[in-house]
Every structure is written in structure tokens, then in C-alpha cells.
Amino acid sequence: MNDLLANLRPAAEEMKDGAFLLANFADTDKILQELPRLLEASPLRHMTTPGGRQMRVAMTNCGQYGWVSAPSGYRYDSTDPTTGNPWPDMPEPFMALAKNAAAAAGYDGFAPDVCLINRYGVGTRLSPHIDQDEAEKSWPIVSVSIGIPAIFQLFGSARGGTATNIPLYDGDVMVLGGRARMYYHGVKPVTAARDARIGALRYNLTFRRAR
Ligand code: SIN
Ligand code: FE2
């Protein structure tokens, strides 16, 4: 690849075992234009875990299916249980972003049917977990950061241990594929900061192939 092309294409940096960071890959202004419409159709909500706790991260979905946590367990559902309607369609620019990011990390042919939308306020954390409710685990997970920064923690295939700490800024995209696809990961409590467009908030979109 010549130098000019190398400069135009954001580099994918492998952080660990098939987990790639694509720094400043996403045009988040474009994403934020789509968001109000999606959140109006399927509002953000604090889901309940199977253990009966309320999640601190506010969540909703767009796409063919949505990830749902409930006292009965985790599932992918084509209906939003809050509205009783199908989730709003995944906007075309979301789909294109997810496909391009996966391909830039070396995972071709990714066609997500879920976009989980997470909203973090200051102090909100996401405890370490593995994304394992998808039928086919060989597809990567593509995760897009919007708004104020956070520290993403990538562990290994066992709970605990030392984390690789990856600061994620607006526009950064993480792609979890290969062995890291089944690694524990989470987000440290978000520290106070302000984004000129959305204030003291961080959104994260995770694109998955559920079925
Ligand atoms: C997730 O693991 O589902 C979200 C990760 C993030 O917010 O960066
Ligand atoms: Fe996750």
C-alpha cells in the first residue's frame, strides 16, 4: 500500500488475540443525527438482570432483533417488550459502518441483525461479561464509541485476571473477533467529561449477528 492510501485508511491496531482498535473510524455526527428518531421509537430503559438487579447502563436496540435482559434471562427478541412493536430498522449508515469496520479488522462478510444501543452517564460502569447469546459466535462484535471517553477492559477467557485497558474516545471502534470474541470485557466507571453535542454522556453501539 502506498503512503497516501495508508494515510487515508485508518489503521486497525490489534490489541489482543483478534481484538482490534480502529481509532477515530466512525463519523459520529452522522450517527447522532439518526439517534433521536430511534430513541423515540424504542426508548432507552434500565433492564433487569436475571439476578433481579437493574442495569446502570440504559439500553435499547435497532435492527431485526434486539438484546433483552429480563428476570427470565437474556434473549434476542424481534419485538421490543416495552413498546410491543418491532425494533426500529437499522439505519443504512449504521449497517455500512459495521460492515466496513469488521472488514478493516480483517473480518469480511459481516451483516449485523442487531444494534444494541448503550447509554452511560458519569459513574456508570459495565461489569465484565462475555457476549454469548448469539447463535454463531464466529462473527465478530463491532462496538462504536460516541461522546465522552471510557476505559474498555479486555480480559481473557476466564473471569478475572489482568485487564488490557483500552481508552475509547468518540469515533473509536473496537472489533472483537478471533479468540477475543469470547473474552470477558467491560467498561470502567465513566469519569466526568463533557461532549459539546450531547453533554456528559457516552453512547456505545454494539453490532452483532444474533441469528
Ligand atoms: C458491551 O460490551 O456491550 C459494551 C462495550 C462498550 O460500551 O464499549
Ligand atoms: Fe459486551
Side-chain angles (χ1 to χ4, degrees), residues 13 15-26 28 31-32 35 44-47 49-50 55-63 65-69 73-76 87 90 94 97-98 101-102 105 110 112-137 139-159 163-191 193 195 198 200-210:
E13 184 188 352
M15 308 308 285
K16 192 181 184 176
D17 304 343
F20 290 85
L21 171 63
L22 282 63
N24 198 18
F25 187 87
T28 60
I31 296 170
L32 286 172
L35 219 48
L44 289 157
R45 77 289 308 260
H46 295 277
M47 298 182 186
T49 67
M55 299 187 71
R56 294 278 310 274
V57 180
M59 297 179 173
T60 186
N61 296 271
C62 63
Y65 303 102
W67 185 83
V68 175
S69 176
Y74 305 128
R75 67 179 192 274
Y76 282 104
W87 304 98
M90 195 185 299
F94 282 27
L97 168 62
F110 180 54
D113 53 11
V114 176
C115 172
L116 172 65
I117 303 171
N118 292 322
R119 188 193 64 196
Y120 299 73
V122 172
T124 306
R125 69 193 285 268
L126 183 67
S127 6
H129 63 278
I130 302 179
D131 296 338
Q132 53 189 349
D133 304 314
E134 302 72 31
E136 181 53 71
K137 274 92 171 170
W139 291 114
I141 303 262
V142 172
S143 158
V144 179
S145 291
I146 303 152
I148 66 174
I151 296 178
F152 182 81
Q153 298 200 290
L154 184 58
F155 300 87
S157 50
R159 197 179 271 286
T164 304
N165 289 326
I166 307 168
L168 294 179
Y169 300 92
D170 181 74
D172 287 354
V173 179
M174 278 295 302
V175 181
L176 293 186
R179 286 202 287 141
R181 171 66 179 77
M182 298 304 284
Y183 281 3
Y184 280 89
H185 58 275
V187 177
K188 279 197 183 185
V190 172
T191 54
D195 178 276
I198 57 172
L201 289 176
R202 172 178 188 259
Y203 285 100
N204 169 264
L205 309 180
T206 60
F207 294 93
R208 298 112 183 267
R209 178 87 200 174

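Note that ligands are numbered from 1 as they come in the structure, with each ligand's atoms numbered from 1 the same way. From a predicted model like this one, the values you see are computed outputs, not experimental measurements.
- Atom-to-atom distance recorded for Arg181:CZ and Lys137:NZ is 7.5 Å, nearest 0.5 angstrom.
- Among protein heavy atoms, the minimum distance from atom 1 (C) of ligand 1 is reached at Leu126 CD2, 3.5 Å.
- Using a 4.5 Å cut-off on side-chain heavy atoms (C-beta onward), Ile148 and Thr191 make no contact.
- When only non-hydrogen protein atoms are considered, atom 7 (O) of ligand 1 lies nearest to Tyr120 OH, 2.6 Å.
- Residue Arg179 places its CZ atom among 12 or fewer non-hydrogen atoms of other residues, nucleotides or ligands, all under 6.0 Å distant.
- Distances below 4.0 Å separate heavy atoms of Arg202 from the following atoms of ligand 1: 6 (C), 7 (O), 8 (O).
- Closest protein heavy atom to atom 3 (O) of ligand 1: Arg208 NH2, 3.6 Å.
- Applying the 4.0 Å criterion to heavy atoms of Asn118 picks out, from ligand 1, the atoms 3 (O), 4 (C).
- Atom numbering of ligand 1 starts at 1 in the shown order; those under 4.0 Å from a heavy atom of His185 are 2 (O).
- Between Phe94 and Phe207, the ring-plane angle classifies as perpendicular under the 30° and 60° cut-offs.
- Each of Asp131, Ile117, Thr206, Asn61 was scored for a side-chain contact (heavy atoms from CB on, under 4.5 Å) with Trp67, with one residue passing: Asn61.
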Could you go through Gln153 and Tyr184, starting from their C-alpha distance and side-chain angles, then the distance that decides it, and tell me whether this counts as side chain to side chain donor-acceptor pair (under 3.5 Å)?
CA-CA 8 Å; Gln153 298 200 290; Tyr184 280 89; over 6 Å; no
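- Heavy-atom proximity to Asn204, at under 4.0 Å, picks out these atoms of ligand 1: 4 (C), 5 (C), 6 (C), 7 (O), 8 (O).
- With Asp113 contributing its side chain and Ala210 its backbone, the two residues share a donor-acceptor pair below 3.5 Å.
- Computed with the Fe ion (ligand 2) at the centre, the His185 NE2 to His129 NE2 angle is 90°, stated to 10 degrees.
- Put simply, CG on Leu126 and CG on Asn204 are 8.5 Å apart, with the number rounded to the nearest 0.5 Å.
- Proximity of His129 to ligand 1 is established by a heavy-atom distance of less than 4.0 Å.
- Looking at Thr206 next to ligand 1, no N or O pair under 3.5 Å apart turns up.
- Per-residue contacts place Val187 under 4.0 angstrom from the following atoms of ligand 1 (heavy atoms of the residue considered): 5 (C), 6 (C), 7 (O), 8 (O).
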